[in-house]
Amino acid sequence: MARSLGLRHLGLARHAVRHAVRHAVRHAAVPAARPVASAAVAIQAPLEHWQSADLYVNPICSQMDQMLLKCENLESVLALLVTHRGVFFVHNLVTAIQVMASLDEARDALAVNRLLRDPRYDVLLRDLLRFVPKLDFLAMTNVVCSLQLLDHKYYALFSRMLHPLMQQPGPEVGTLLRCMEAYCWAGYYEQNHFFRRFAQVLAESLDALDAPQLVQGAVLFSNAAEYQEAFFTAADQRLRADQSSAVLAELSARELGLTAQAFTAHLTTRHDELLTRVAELLEVRAMEMDPVDLVRCLRAFHRSVLHFPRAIEAGLAACSAPLYRAWLLRKPSDQLEPVHVAELLESSAFFGVPSDLMQVALEYLAEHVDAIPERACIQVVFAMCTTGQVAHHSRLLRFIFRKIGAGTAWEKQRVRVFQIWISQLLQFPWLDVRLKRRTLDSALRAWLLQRGGYGVPHPEEVREVSEELAEMGVKHQCFVHLKETPYQLDVVLHTAHKAAFLVSSETARNSLTPVGGVLLQLKHLRDRGWRCLVIPRRAWQRLPCAPSLARREYLATLLESLAPRCAAHGVWSEAEKGTGSPSQATPSQTLSERSPPPNVVVLFSIH
């Protein structure tokens, strides 16, 4: 399998040595692979495991390995590469780089920096690059894992091995996971053919994977740019093998958090049932879980827009104790970083789940303002605006508001930034800090693209609701601008009390409760005296049109919830009360054509 690297003038018997070395490298045992817990953890195999069960046909190859394994520092390995290079085999090259990665000296950043600049190390890499076609899957895996331990992203070697790796037969599961981990660490997320090949291999051998290996595979595939349906579908079925979720219940707290994070990385809706099982386990095991794992679960619920109020409450309550302790001691928490606290606040505000964590978290962040990055600042300000905490924590607001737009993190949350700007105009105009013009222009453009312009985002649905209300005899107007706000009201009903129907598509996928920006809009309307009821846009679109009365009955049910107020002030026409004359209100009427003030509003919003 390998050819001798000896110099030509040594006069070796080429054919005999070539045959012996080929057999030796093919059957020589390289270090046993051990599965890793996650893509962020590198496992270092001890040297004594490498020496066991090695079988060499050629004694020279064996002697070189023994000499390499006796080296105690990087310099001795590099010296052997020079003094004995004439008798090195390809197997010895792999052993040499493994020995370098296993030494304690390789944990020293300065020593590794000197190693990477050493010309002898460069010779080793060039030899490995030259003999890539002669390596098997296990040898190539050991090479890339050694480079990972050395923190050396040698892309020429990584790229050269990609095609040979996919041509090799399916290896042992642990070896495959180690190989994928190294390539994920090196940043090869866009190599779809690479991940697709190994996803199929793991899906076919899924029964051979234990629970930690299954979670590790999910974490690794979650880093890929392309959703690997073959693996994730099989893994989902394996984790939900029965109603008792035996496999899922065996996972540790950390593995449970990684599972929730991995299955929501590609924003697919195919794993909602699995996340429901995770939420059920979270309710029971929240107090036993590490706060970071709880943050992973809540972030997964947020990304998938699934509302599990009891699981969220349990997670927030479990994180309150360590955060409160750190705040009392006036020390940074050793369990939660400011970015994790910001995630907790945003999850609480996004789903509208009240928690005692809010006050403690804001007080804690006020003492660690310098450690809050820009993305976390956006999350915290949004939570403060949605929960109405801006007046109670004005000092914290002033400090973190300055960071919005100072970096580049805001570019991924432009709509949220514009919602924060609206909140500044409506909730805290007294703040003397303003967003940068370039930030505000881009945020406005994103907000308009999301809504479809300055007007209402869904004019067709507005007309449908207006037609149903007209048939019901309910007096109303359409497309009414709400003064001193950027909101345009879609359908306005006439009552003496302010009440509103907010029709929105920004709702939780499992409960159709309002979330995110709609809750912030509800807060702005509530501060101005409006009482709002939310109509999920998806629910409205699923209702059959005329001649079916489903939509009319749906609106009547919502109006009944406002009956004590609305009926007393003439929201319903005489026709609806049974007197026989229908209302003359039409969808085309404007507010100026009506004498009663607009009080009940139907709004359309998008996510």
Side-chain angles (χ1 to χ4, degrees), residues 26-46 49-50 52-54 94 98 101 135-149 158 161-186 188-189 191-224 226-241 246-248 250-252 254-256 258-259 261-263 265 271 274:
R26 180 175 300 170
H27 297 281
V30 197
R34 297 191 300 172
V36 231
S38 73
V41 180
I43 298 299
Q44 178 181 350
H49 288 182
W50 296 1
S52 62
D54 276 356
V94 178
Q98 286 181 289
L135 300 177
D136 61 0
F137 195 101
L138 184 57
M140 286 186 280
T141 299
N142 288 330
V143 170
V144 295
C145 289
S146 299
L147 291 174
Q148 179 185 6
L149 290 174
F158 275 94
M161 291 182 178
L162 268 177
H163 184 70
L165 280 171
M166 290 184 292
Q167 301 301 318
Q168 297 283 344
E172 188 264 338
V173 170
T175 304
L176 179 58
L177 293 176
R178 286 199 305 136
C179 181
M180 288 179 51
E181 179 191 8
Y183 272 90
C184 287
W185 164 81
Y188 283 79
Y189 306 129
Q191 305 296 327
N192 297 331
H193 57 291
F194 174 82
F195 286 100
R196 196 179 302 120
R197 163 82 167 89
F198 294 147
Q200 189 63 37
V201 172
L202 287 179
E204 294 173 356
S205 59
L206 202 64
D207 294 336
L209 273 67
D210 55 16
Q213 288 179 326
L214 187 62
V215 174
Q216 182 192 356
V219 171
L220 293 174
F221 284 116
S222 68
N223 295 323
E226 182 181 75
Y227 173 71
Q228 301 301 328
E229 181 180 358
F231 174 82
F232 279 109
T233 302
D236 190 328
Q237 296 174 355
R238 171 79 184 280
L239 290 171
R240 300 185 295 106
V247 179
L248 198 60
E250 293 176 358
L251 300 180
S252 63
R254 183 172 181 275
E255 292 168 346
L256 189 66
L258 291 174
T259 300
Q261 178 179 330
F263 279 85
H271 309 295
L274 176 64

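How far CG of N223 is from CZ of F195: 7.0 Å, rounded to the nearest 0.5 Å. The distance from atom CZ of F231 to atom CZ of R238, rounded to the nearest 0.5 Å, is 10.0 Å. In this structure, CZ on F221 lies 13.5 Å from CD on E229, to the nearest 0.5 angstrom. Taking SG of C179 as the reference point, atom CZ of F198 lies at 5.0 Å (rounded to 0.5 Å). Rounding to the nearest 0.5 Å places CG of L176 at 12.0 Å from CD of E181. Once rounded to the nearest 0.5 Å, the distance linking NE2 of H193 with CE of M166 reads 3.5 Å.
Formation of a donor-acceptor pair under 3.5 Å by the Q191 side chain with backbone atoms of F194 is not found in this model. Side chain of N142 to backbone of L138: a donor-acceptor contact under 3.5 angstrom is found. Checked by atom type and distance alone, the side chain of R196 never pairs as donor or acceptor with a backbone atom of Q228 at under 3.5 Å. Checked by atom type and distance alone, the side chain of E255 pairs as donor or acceptor with a backbone atom of S252 at under 3.5 Å. A donor-acceptor pair is defined here as one N or O able to donate and one able to accept, closer than 3.5 Å; such a pair exists between the side chain of Y183 and the backbone of F158.
Looking at Q216 and V219, their side chains never come closer than 4.5 Å, going by heavy atoms from C-beta outward. Annotation: side chain of M180 is in contact with side chain of L202 (closest heavy-atom distance under 4.5 Å). M140 has its side chain out of reach of V144: every pair of non-hydrogen atoms, C-beta onward, lies at least 4.5 Å apart. Inter-residue side-chain proximity for L248 and L274 is flagged as met; some heavy-atom pair is nearer than 4.5 Å. Inter-residue side-chain proximity for C145 and T141 is flagged as met; some heavy-atom pair is nearer than 4.5 Å. Put simply, the side chain of P164 does not reach to within 4.5 Å of the side chain of L135, judged on heavy atoms.
Contact detail for A235 and L206: the closest heavy-atom pair is N-CD2, 3.5 Å. Nearest approach of Q213 to A208, heavy atoms of both residues: OE1-O, 4.0 Å. Between A203 and A230 the shortest heavy-atom distance is CB-O, 3.7 Å. The two residues T233 and H271 come nearest to each other via the heavy atoms N-CE1, 4.5 Å. Of all the heavy atoms in F232 and A262, the pair that sits closest is CE2-O, 3.9 Å.
When the options L214, L209, V201 are evaluated for a side-chain contact (heavy atoms from CB on, under 4.5 Å) with V173, the one that passes is L209.
Listed by chain and residue number, nothing satisfies the side-chain hydrogen bond (donor to acceptor under 3.5 Å, both in side chains) test with R197 (two or more places apart in sequence, or in another chain).
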